[in-house]
Engineer: 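Below: one structure in structure tokens.
In what follows, every chain begins at residue 1, and chains take the letters A, B, ... in the order their sequences are listed.
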There are 2 protein chains.
Amino acid sequence: MRPTVHDIAAAAGVSLATVDRVLNRRPGVRGVTREKVEQAIERIGYIRDVAAANLAKSRVYPFVFILPSGDNSFMRGLEAQVRAAIGRSPAERTAISIVTVPAFNPEALVAALDEARATSPSGVAVVAIDSPDVIAAVDRLRGERIPVVTLVSDLAGSKRDHFAGVDNIAAGRTAASLMGRFLGGRSGPVAVLAGSMLVRDHRERLDGFSAVMNESFPGHALLPVLEGQDDPALAEQLVGEALAASPEIAGIYSLGAGNRGLIAALKRRRNGVPVCVIAHELTQHTRAALNDGLIDAILNQDAGHEVRSAIRVLKAKADGVAVIGAQERIRIDIFLKDNLPFERDGHDNQEPEPGRQD
Amino acid sequence: MRPTVHDIAAAAGVSLATVDRVLNRRPGVRGVTREKVEQAIERIGYIRDVAAANLAKSRVYPFVFILPSGDNSFMRGLEAQVRAAIGRSPAERTAISIVTVPAFNPEALVAALDEARATSPSGVAVVAIDSPDVIAAVDRLRGERIPVVTLVSDLAGSKRDHFAGVDNIAAGRTAASLMGRFLGGRSGPVAVLAGSMLVRDHRERLDGFSAVMNESFPGHALLPVLEGQDDPALAEQLVGEALAASPEIAGIYSLGAGNRGLIAALKRRRNGVPVCVIAHELTQHTRAALNDGLIDAILNQDAGHEVRSAIRVLKAKADGVAVIGAQERIRIDIFLKDNLPFERDGHDNQEPEPGRQD
DNA sequence: GAAAATTTGATGTACGTAAATCAGAAAATT
DNA sequence: AATTTTCTGATTTACGTACATCAAATTTTC
């Protein structure tokens with residue numbers, strides 16, 4: 001049997017109350033006694049039963065998720081996943097609130113972070129914008145020992161506990177590798193459509209993409225980056241202009257959102273060479289375009305995984321327990337037409353039998 | 001606050017004992033009363049607190065994992081992941097035992113399944129072999145209401161509760177799609193190296209691969225399948241012979257194990273056209289070969305995810321609660337040189353602070 | 001309508017931990 | 001040495017559920 005607090009008490013030759021004081025960092029224990037208890041814990045290999053502790057405390061984990069607003073499909077999907085997690089709250093003892101702030105607006109994000117801090121939550125997850133003010137706001141949270149997880153876009157230089165998102169440099173490199181190989185012998189320049197260089201994920205993708213294109217496929221020149229602000233209308237305009245100006249464009253890498261606009265521009269195009277298109281994030285629009293052959297490959301990050309991972313990590317940090325590193329690594333999905341997952345899930349043989357438990 | 005058993009009792013106008021009898025399917029409750037209670041449960045939206053229930057029962061989940069023996073790197077990695085899960089047993093209330101049986105041997109597998117059944121575990125996970133005897137053995141387990149999850153290779157036609165593995169038809173299709181595009185304009189036939197057509201995952205990969213090659217890339221003929229029994233030595237011999245017999249081979253798809261042999265054969269080769277190689281499962285051998293450019297792409301299933309998913313699903317089935325479908329879908333990882341994950345993990349800012357909890 | 005059988009209620013203990021109270025022991029201070 | 005302060009022990013209640021026991025009420029059976 002797994003040792004309990006009683007076993008520690010016996011092993012250390014102290015009372016249960018003292019063990020409890022040590023375990024929960026309560027005052028009123030002499031240094032020597034504290035040490036005796038800690039050694040006993042170490043010796044008999046005690047691990048606190050988090051389930052029992054949470055039961056005793058009737059603990060809930062109040063978490064705040066801060067997401068960009070706007071009609072970015074990916075971000076709305078992310079929000080839907082957070083709402084799904086809210087639906088699981090009773091079982092998971094979480095109390096999640098969602099705060100949305102205008103995209104690419106550091107001031108608004110700082111305000112939201114400070115507001116979240118005022119509610120003393122058990123943890124905060126945030127889609128970060130790279131800016132010194134935001135770093136400072138995150139570090140203020142950490143200063144109050146509130147765990148912080150960055151979501152989708154990281155915040156280098158901050159004291160955030162964890163990043164729940166993909167390796168965006170690798171994503172960019174992979175996109176370039178696929179682009180180069182898919183283009184095969186064909187020649188022609190490659191265009192890049194981004195959202196904004198303000199967010200780290202977009203910058204990193206571009207860095208990775210440029211590096212591999214220059215190293216391995218120098219025959220394809222990179223055109224100046226189009227910044228579409230993740231806005232479909234703007235993206236459509238920019239891509240349309242680019243295609244008109246350079247009909248010999250052989251490839252387009254869309255590393256941000258606003259793919260609806262990209263797809264519209266591609267559909268409007270009638271002349272010119274075939275274009276190899278690689279885009280990010282699987283949405284209803286990109287999925288349809290992939291099936292139609294307008295897009296050749298989609299790199300995707302699974303928003304559901306990111307949200308669930310963020311919650312697991314925030315819980316673990318709040319409880320001071322270790323996380324399974326490999327489980328929390330968010331992978332880059334590469335979708336071709338051939339490995340698109342079905343829209344709806346569930347391939348189990350039967351429904352659970354409610355109430356049965358043994 | 002979330003409703004408890006007391007709230008059901010009050011809402012249904014019965015005693016706690018009666019609620020308990022209904023909830024735990026104990027005898028001694030009249031039909032009308034049972035219905036009253038069940039309606040109250042429905043009405044107030046009661047969900048049993050599994051953590052508290054497990055505490056009260058001091059429940060452990062005895063699970064049996066049945067894996068093929070032999071020096072197949074992927075399977076040994078899978079076993080390592082199960083052992084890692086055993087290391088987490090105290091926290092997860094599991095008691096996992098591992099049984100290994102000779103690969104591709106239905107009789108041995110049936111014996112192992114029946115033996116497992118004799119111990120009345122809370123669940124069984126098994127790397128299945130497609131055979132009527134195995135189906136029958138699995139259905140015997142289900143007959144005793146023991147949840148069964150197939151791992152890596154599925155068992156169609158059986159009553160298994162769930163399959164923790166990838167969509168192997170999609171994997172084969174994806175491999176073909178990559179192969180066709182990577183080959184670009186080049187011509188030449190494509191060879192396929194499999195383990196055994198006895199296991200469903202290999203058959204499905206081949207089906208998917210053949211389908212897309214025939215549909216989309218009819219210029220590349222498919223050579224007869226090489227069955228290497230997942231044995232490196234045999235694989236090396238078969239591939240060596242094939243390359244010698246057809247120096248014009250343009251691509252090789254290795255859909256099973258024994259990639260050490262494939263790589264050795266590729267290294268030995270000095271003449272002939274460049275070969276595009278797509279293999280399955282990221283191991284130290286395939287990883288090195290990908291980095292060296294001997295392999296062009298690796299399709300991978302994450303053994304750790306599969307094991308953790310299997311455990312989550314077995315627990316859920318044993319408790320009669322629902323699973324998060326999307327979370328349990330195992331995805332096909334596509335690795336190019338550019339998105340290889342690091343060998344070791346951990347990109348968190350700091351270690352957990354042991355003992356702290358609030 | 002009485003006896004037997006069944007159903008229901010009341011109550012207590014347990015699981016492992018948290019948290020509070022109060023009394024007593026040991027230190028530190030005067 | 002007496003007093004104050006600090007530490008430690010003993011004990012209790014609670015969290016939500018499981019499970020057992022025994023008494024009381026209800027239904028069924030003859």
Engineer: Nearest whole angstrom, please: distance from the P of D:dA18 to the CG of B:Asp319.
Structural biologist: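 These atoms are roughly 10 Å apart.
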Engineer: Is the phosphate of D:dC15, meaning OP1 or OP2, less than 4.0 Å from a side-chain N or O of A:Arg59?
Structural biologist: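 No.
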Engineer: Measuring only between side-chain heavy atoms, which start at C-beta, is B:Arg312 closer than 4.5 Å to B:Val323?
Structural biologist: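 A side-chain contact under 4.5 Å is absent here.
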Engineer: Could you write out DNA chain C as dot-bracket? Rules: Watson-Crick or G-U wobble, both distances under 3.5 Å, brackets [ ] for crossings, | for pairs with another strand, dot for unpaired.
Structural biologist: |||||||||||||||||||||||.||||||
Engineer: Give a yes or no on whether the backbone of A:Gly304 and the side-chain of A:Asp302 come within a donor-acceptor separation of less than 3.5 Å.
Structural biologist: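 It does hold such a pair.
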Engineer: Under the salt bridge (charged side-chain N to carboxylate O under 4.0 Å, His left out) rule, what do A:Arg160 and A:Asp139 come out as? Steps first, then yes or no, please.
Structural biologist: CA-CA 7 Å; A:Arg160 95 281 185 278; A:Asp139 289 353; over 6 Å; no
Engineer: For A:Leu23 and C:dG16, what is the distance between atoms CG and P respectively, to the nearest whole Å?
Structural biologist: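 Nearest whole value for this atom pair: 15 Å.
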Engineer: Once you round it to whole Å, what is the distance between P of C:dA18 and CG of B:Leu55?
Structural biologist: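 Rounding to the nearest Å, CG of B:Leu55 and P of C:dA18 are 12 Å apart.
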Engineer: Is the NZ or CZ atom of A:Arg59 positioned over A:Tyr61's six-membered ring, under 6.0 angstrom from the centre and within 45° of the axis?
Structural biologist: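 Judged by the rule (NZ or CZ under 6.0 Å from the ring centre, within 45° of its axis), A:Arg59 counts as positioned above A:Tyr61.
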Engineer: Of the listed nucleotides (D:dC19, C:dT17, C:dA19), which one gets closest to any side-chain atom of B:Arg26?
Structural biologist: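 The nucleotide sitting nearest to the side chain is D:dC19.
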Engineer: Using whole Å, report how far CG of A:Asn54 lies from C1' of C:dA19.
Structural biologist: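 Computing the A:Asn54:CG to C:dA19:C1' distance gives 15 Å.
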Engineer: For the pair made of NZ in A:Lys57 and P in C:dA20, what is the distance, rounded to whole Å?
Structural biologist: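 That distance rounds to 12 Å.
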Engineer: Want to settle it: does A:Arg2 or A:Asp20 sit nearer the 5' end of DNA chain C, counting the closest nucleotide to each?
Structural biologist: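 In this pair, the answer is A:Arg2.
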Engineer: For the pair made of NE2 in B:His6 and P in D:dA18, what is the distance, rounded to whole Å?
Structural biologist: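 About 12 Å, once rounded to whole Å.
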Engineer: Between the side chain of A:Asn24 and the main-chain N/O of A:Arg21, is any donor-acceptor distance below 3.5 Å?
Structural biologist: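 Checked: no pair found.
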Engineer: What I want to find out is whether B:Arg142 reaches B:Asp161 closely enough, with some N-O distance under 4.0 Å, to be called a salt bridge.
Structural biologist: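 Salt bridge: yes.
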Engineer: Between B:Thr94 and B:Arg88, is any pair of side-chain heavy atoms under 4.5 Å apart?
Structural biologist: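 No, side chains not in contact.
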Engineer: Find out whether B:Val110 and B:Arg140 are in side-chain contact, i.e. whether some heavy atom of one side chain is under 4.5 Å from a heavy atom of the other.
Structural biologist: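 Touching, per the 4.5 Å side-chain cut-off.
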Engineer: In whole Å, I'd like the distance from the CZ atom of A:Arg93 to the C1' atom of C:dA18.
Structural biologist: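 That distance rounds to 13 Å.
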Engineer: Side chain of A:Asp49 only, please: which of C:dA19, C:dT17, D:dC19 is the nearest?
Structural biologist: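 Taking heavy atoms from C-beta onward, the closest nucleotide is C:dT17.
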Engineer: Is there a donor-acceptor contact under 3.5 Å from the side chain of B:Arg2 to the main chain of B:Arg48?
Structural biologist: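 Yes, B:Arg2 side chain to B:Arg48 backbone: donor-acceptor pair under 3.5 Å.
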Engineer: Under 3.5 Å, which protein N or O atoms sit close to an N or O of nucleotides 8-14 of chain D? Give each pair with its distance.
Structural biologist:
{"unit_1": "D:dT8", "atom_1": "OP1", "unit_2": "A:Arg30", "atom_2": "NE", "d": "3.4"}
{"unit_1": "D:dT8", "atom_1": "OP1", "unit_2": "A:Thr33", "atom_2": "OG1", "d": "2.0"}
{"unit_1": "D:dT8", "atom_1": "OP2", "unit_2": "A:Arg30", "atom_2": "N", "d": "2.5"}
{"unit_1": "D:dG9", "atom_1": "OP2", "unit_2": "A:Ser15", "atom_2": "N", "d": "2.9"}
{"unit_1": "D:dG9", "atom_1": "OP2", "unit_2": "A:Ser15", "atom_2": "OG", "d": "3.3"}
{"unit_1": "D:dG9", "atom_1": "OP2", "unit_2": "A:Thr18", "atom_2": "OG1", "d": "2.5"}
{"unit_1": "D:dG9", "atom_1": "N7", "unit_2": "A:Arg21", "atom_2": "NH1", "d": "3.4"}
{"unit_1": "D:dG9", "atom_1": "O6", "unit_2": "A:Arg21", "atom_2": "NH2", "d": "2.9"}

